[in-house]
Amino acid sequence: MTLHLINRTPDNRGLFDDVVEAISEGDYLLLIEDGCYAGLAQTRAPLGSLPRGSVGVLKEDAESRGLLGRLDERLELVDMDGFVTLTERFPKSLSWF
Amino acid sequence: MTLHLINRTPDNRGLFDDVVEAISEGDYLLLIEDGCYAGLAQTRAPLGSLPRGSVGVLKEDAESRGLLGRLDERLELVDMDGFVTLTERFPKSLSWF
Amino acid sequence: MLSYALLVHAAPYSTQGSLSALRFAEAVVARGHAVKTVFFYRDGVHNASTLMAPPQDEVHLGERWRRLHATSQTELLVCVAAGLRRGLVNQAEAKRHDLAMHSVEPPFELTGLGQLVDAMLTHDRLITFAP
Amino acid sequence: MLSYALLVHAAPYSTQGSLSALRFAEAVVARGHAVKTVFFYRDGVHNASTLMAPPQDEVHLGERWRRLHATSQTELLVCVAAGLRRGLVNQAEAKRHDLAMHSVEPPFELTGLGQLVDAMLTHDRLITFAP
Amino acid sequence: MTDSHHLATCNDALLIVLRHPPHGSSWLREGIDVALVTAAFGREVELLFQGDGVFALLENQTTGALGQKGTHPQLMMLEMYDIERLWVSRTALTERGLTTDDLMLPVSVLDSDEIAALHAAHASSLIF
Amino acid sequence: MTDSHHLATCNDALLIVLRHPPHGSSWLREGIDVALVTAAFGREVELLFQGDGVFALLENQTTGALGQKGTHPQLMMLEMYDIERLWVSRTALTERGLTTDDLMLPVSVLDSDEIAALHAAHASSLIF
């Protein structure tokens, strides 16, 4: 099982297509840095197909961008400690950029 | 009248959308570096809407990528001297990245 | 306790990647794990420059990496092939390339890519921070 | 004859942008125009490092920029704010920031952003080369 | 409040196009730096927020990781430098589910054809 | 020639995902460098060409501007390093109007669900 990290906006359409192609059931996708914008409730990113509880957004990065309160409610808010916990839980991580 | 330069692949969907939004009649779009891939005959880039004779591809960059013979036939092949000529003809240039 | 290796591709001050790597490293240490190795590759090598002089009200990335080394004995490894191209040289390499100055000092070490392979094999986790 | 200014944002050896800027500059000169100014901003400032030591079978970007200066009197301007953050310092700045080494030497000059504004106003063309 | 008359006439102001979001990279900050310096040199400057650049204007931004300052304090200085023409792409807003109510500064929203006209009307532009 | 059996079993090889095209940046070259060094250290390596990475395999590439070497000579060395499993995303090829006939090396083409399975089967991967 894999922890996927995305740090770019949905403007990078090809990137999001490739991530979705690579994700398996039981994987987790964490949106960090500019990846947080993909968590906006109304977005072009093709994350809607991913099951609830499998996508999170890094709280610190979402907050600095003014995104708290604007995020898709299916997303988990993950703080830095939670980020580390995810890397404990998932032996493998993949950074998409 | 403006010379637009693109150096990224059509994977950067938002970039191409923004360029198309900014182009006026009489402008010229030159594909350089990885932008050359947008000149492939079959491509996802929304360049089809631009008139013939207004889009070129930098020959040197297309050639090094193995793209000669694969390009949309509506494109002009522009060599380095031709690139400079375009900057003589267009007082303003815009680099999109 | 898990052992972590970080792979940093991001240039300092241009993208958030270096900051993200640092705060992640600090959070890993705070949870009682060890950050054994940080490997700087591509434009990430610029994190190792001893010559950076950021404004006083901005984080000094070089100092923060050195502090991580001091408190956690983290190895700070710089890919020598990526570094030499980009002007990151230590005293030995400067001499070998006939350069009057150098820009890399301990605890940053210039090493080969083999050290990255080694870090992947020996540590429990590898996390990449990209531009 | 037209006068050109180039704005280079691209880091050397990481993306094609610096190479594109150089070959464009050489083509401009070959057509009888003048490349008056190259302004290095963001990661483009790394083009000014005197410490780069690329493999012998690769283009040495620093040398090629210096050659452009020598043959065409092109000003090679480095944004000082972008440069200081990233470890690009000349002798004067090194002294001011208490650094034992420096990484920028003439013909590269550290200057303010005002020089970019000036180049835009005084030259006929401005072409940007991005990463 | 679009300003079609302004769009149509040729214009000596420097148009700076901001296409990158805050925090994730320094593109936005360094673009605004160029805007402020240009204005300080007495040249007129206008800003166009296109693509992900519209996120620069989102309300409620804060300092980021490890004290990263962000760009919202810089934007608050624009008025002091007499940079008052702020253009925003309607497409960029709509695709991101935003309206002008979400933005921290008053802006003029432009349709796609007006964006092309804005570019055409300016003798010099820079993209960040 | 997909190899579903291989996909399904857990795998000690390092999977390197190449997502960037040649020439425009050094991502591809530096990713292949990691592959070659890893193989030289005696560890098995497999490559997945996804997204724009499939352009790395396009035939008829040449040296680029100012003598830029490109990555096609590097790819020709893969066999010498016993790197023989080359996977390619079918979606990536199709969207770019390419088929395996356009490629310089023999590859195994994977459908989207097979790509996910490939990732799941490898204990470690790196993306370039």
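Just so it is clear, the model here is predicted, and its values are computed rather than measured. Every chain is numbered from 1 and lettered A, B, ... according to where its sequence line falls, protein lines coming before strand lines. Values reported hereafter were calculated over all heavy atoms of this structure, with side chains retained and with hydrogens, waters and symmetry mates removed.
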Counting only heavy atoms not in [X], do more than 12 sit closer than 6.0 Å to its [atom1] atom?
{"X": "E:Glu79", "atom1": "CD", "result": "no"}
{"X": "C:Gln91", "atom1": "CD", "result": "no"}
{"X": "C:Asp98", "atom1": "CG", "result": "no"}

C:Leu22 versus E:Leu66, closest heavy-atom pair with distance: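 Heavy-atom minimum between the residues: CB-CD1, 3.8 Å.
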Spacing of CZ belonging to E:Arg29 relative to OH belonging to C:Tyr13, to within rounding of 0.5 Å: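 Between atom CZ of E:Arg29 and atom OH of C:Tyr13 there are 10.0 Å.
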Gap between atom NE2 of E:His23 and atom OG of C:Ser20 - 0.5 Å precision: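 Between atom OG of C:Ser20 and atom NE2 of E:His23 there are 11.5 Å.
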Option in E:Gly67, E:Ser25, E:Gly64 with maximal non-hydrogen atom pairs under 4.5 Å from chain C: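 Top count of heavy-atom pairs under 4.5 Å with chain C: E:Ser25.
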